[in-house]
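Accompanying notes for the structure given below.
What you see below is based on every heavy atom in this structure, not just the backbone, and it leaves out hydrogens, waters and symmetry mates.
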Amino acid sequence: MIKKILLIFMSVLVFVSCSATVMSPGNNGGNSGSGTEEGGNEGGGGTEIPGIPWTEIQPPLSVLNDEAIKYGIDISQEDNLIKEQIKIKLKEYRNDKGQYKVIFTGKPKDDYLVSASLTKLTLEVAKDLSISDAIIDVSKVYFNERKIKSRMFRGGVSLGYFNLSFILPENIIRVIEGNAFSFLNNYLR
């Protein structure tokens, strides 16, 4: 009789322990997961769900801090408005913080023309203002498809020499399409 009770107890214990290991560390209420899972989770804060491709899971919405609220530029606007705001915000940021920085917010457009990429617009304004280096912060952009669109940051090298630093969102971007940063190819060769 004791052997049967012990066998039942051991069976229940094995069943419970096996059930606990099936739970995904990436799906535990927001705690940071560990290891790599089917969806490609690399310890990125619980945004992956086993069995569902990462392209179908929406990233969290960016929380705008005071700096992004004050200096942010919504990239879903018309290109002329974006360029106008880049000029205004670059000057404001320089006056307040002592350096040139562009903070882009909002949702990216479906497609970007080479002549109106975010980098090209920034470089044109930088040339007009005689700026040699700037920071482009896209950490507050909502990349709903978890990818940087093709031509989004394509720039023209004929505009002169500029030092650009990019701030990208953490644990969000999974794909950088084709020639999103193609202006870098001229410098990396």
Side-chain angles (χ1 to χ4, degrees), residues 30 39-42 44-49 52-129 131 133-157 159 162-185:
N41 187 8
E42 297 159 358
T47 57
E48 304 297 331
I49 300 172
I52 299 177
W54 58 265
T55 54
E56 296 178 13
I57 302 169
Q58 296 299 320
L61 289 172
S62 299
V63 177
L64 299 181
N65 57 16
D66 292 338
E67 184 179 69
I69 292 170
K70 183 174 182 180
Y71 303 106
I73 300 168
D74 185 2
I75 61 173
S76 63
Q77 302 177 81
E78 293 293 319
D79 297 331
N80 292 334
L81 291 173
I82 294 172
K83 186 174 179 180
E84 213 174 280
Q85 287 186 355
I86 290 172
K87 190 174 214 172
I88 293 167
K89 301 293 183 172
L90 271 174
K91 289 178 183 177
E92 284 180 13
Y93 200 92
R94 171 72 172 151
N95 291 337
D96 294 347
K97 307 277 185 161
Q99 64 180 353
Y100 291 105
K101 183 176 182 180
V102 178
I103 302 172
F104 291 119
T105 64
K107 183 180 175 190
K109 298 175 186 175
D110 290 334
D111 192 25
Y112 286 88
L113 300 173
V114 174
S115 62
S117 72
L118 297 177
T119 302
K120 180 85 172 198
L121 296 174
T122 304
L123 289 173
E124 288 174 356
V125 171
K127 183 179 179 187
D128 292 344
L129 298 176
I131 296 170
D133 62 340
I135 299 168
I136 297 179
D137 184 350
V138 292
S139 64
K140 303 300 181 193
V141 171
Y142 181 64
F143 293 99
N144 64 334
E145 295 176 349
R146 294 180 169 260
K147 64 183 171 184
I148 294 177
K149 305 272 187 180
S150 180
R151 298 189 302 256
M152 187 172 184
F153 296 107
R154 187 170 188 173
V157 281
L159 294 174
F162 299 95
N163 294 321
L164 293 177
S165 301
F166 287 85
I167 300 173
L168 300 171
E170 292 184 34
N171 300 322
I172 300 294
I173 303 300
R174 299 293 185 150
V175 175
I176 297 176
E177 285 187 341
N179 55 0
F181 288 97
S182 65
F183 71 97
L184 293 174
N185 290 337

Any side-chain heavy-atom pair from [X] and [Y] closer than 4.5 angstrom?
{"X": "I167", "Y": "K101", "answer": "yes"}
{"X": "M152", "Y": "F143", "answer": "yes"}
{"X": "V102", "Y": "V125", "answer": "no"}
{"X": "I136", "Y": "L118", "answer": "no"}
{"X": "I75", "Y": "P108", "answer": "yes"}
{"X": "I103", "Y": "K89", "answer": "no"}
{"X": "I73", "Y": "I88", "answer": "no"}
{"X": "V138", "Y": "F153", "answer": "yes"}

Could you measure the distance from the [atom1] atom of [X] to the [atom2] atom of [Y]? Nearest 0.5 Å is fine.
{"X": "F104", "Y": "I82", "atom1": "CZ", "atom2": "CD1", "answer": "7.0 Å"}
{"X": "D128", "Y": "K87", "atom1": "CG", "atom2": "NZ", "answer": "5.0 Å"}
{"X": "L90", "Y": "N95", "atom1": "CG", "atom2": "CG", "answer": "11.0 Å"}
{"X": "E78", "Y": "E84", "atom1": "CD", "atom2": "CD", "answer": "12.0 Å"}
{"X": "L81", "Y": "L121", "atom1": "CG", "atom2": "CG", "answer": "11.0 Å"}
{"X": "S139", "Y": "L64", "atom1": "OG", "atom2": "CG", "answer": "9.5 Å"}

Begin with the C-alpha distance, continue with both residues' side-chain angles, and end with the deciding distance and a verdict on side-chain contact (heavy atoms from CB on, under 4.5 Å) for K70 and D96.
-> CA-CA 11 Å; K70 183 174 182 180; D96 294 347; 3.1 Å; yes
Around D66, counting heavy atoms of other residues, nucleotides and ligands shown, do more than 12 lie under 6.0 Å from its CG?
->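 Result for CG/D66: open.
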Considering all heavy atoms of both residues, which atom of [X] and which atom of [Y] are nearest to each other, and what is their separation?
{"X": "N171", "Y": "R146", "answer": "O-NH1, 4.0 Å"}
{"X": "I148", "Y": "I173", "answer": "CG1-CD1, 3.9 Å"}
{"X": "K107", "Y": "D74", "answer": "N-OD1, 4.3 Å"}

D137 versus Y71, side-chain donor and acceptor atoms under 3.5 Å =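 Checked: Y71/D137 side chains show no N/O donor-acceptor pair below 3.5 Å.
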Ion pair present between K109 and D79, side-chain N to carboxylate O less than 4.0 angstrom?
->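 A salt bridge is present here (some side-chain N lies under 4.0 Å from a carboxylate O).
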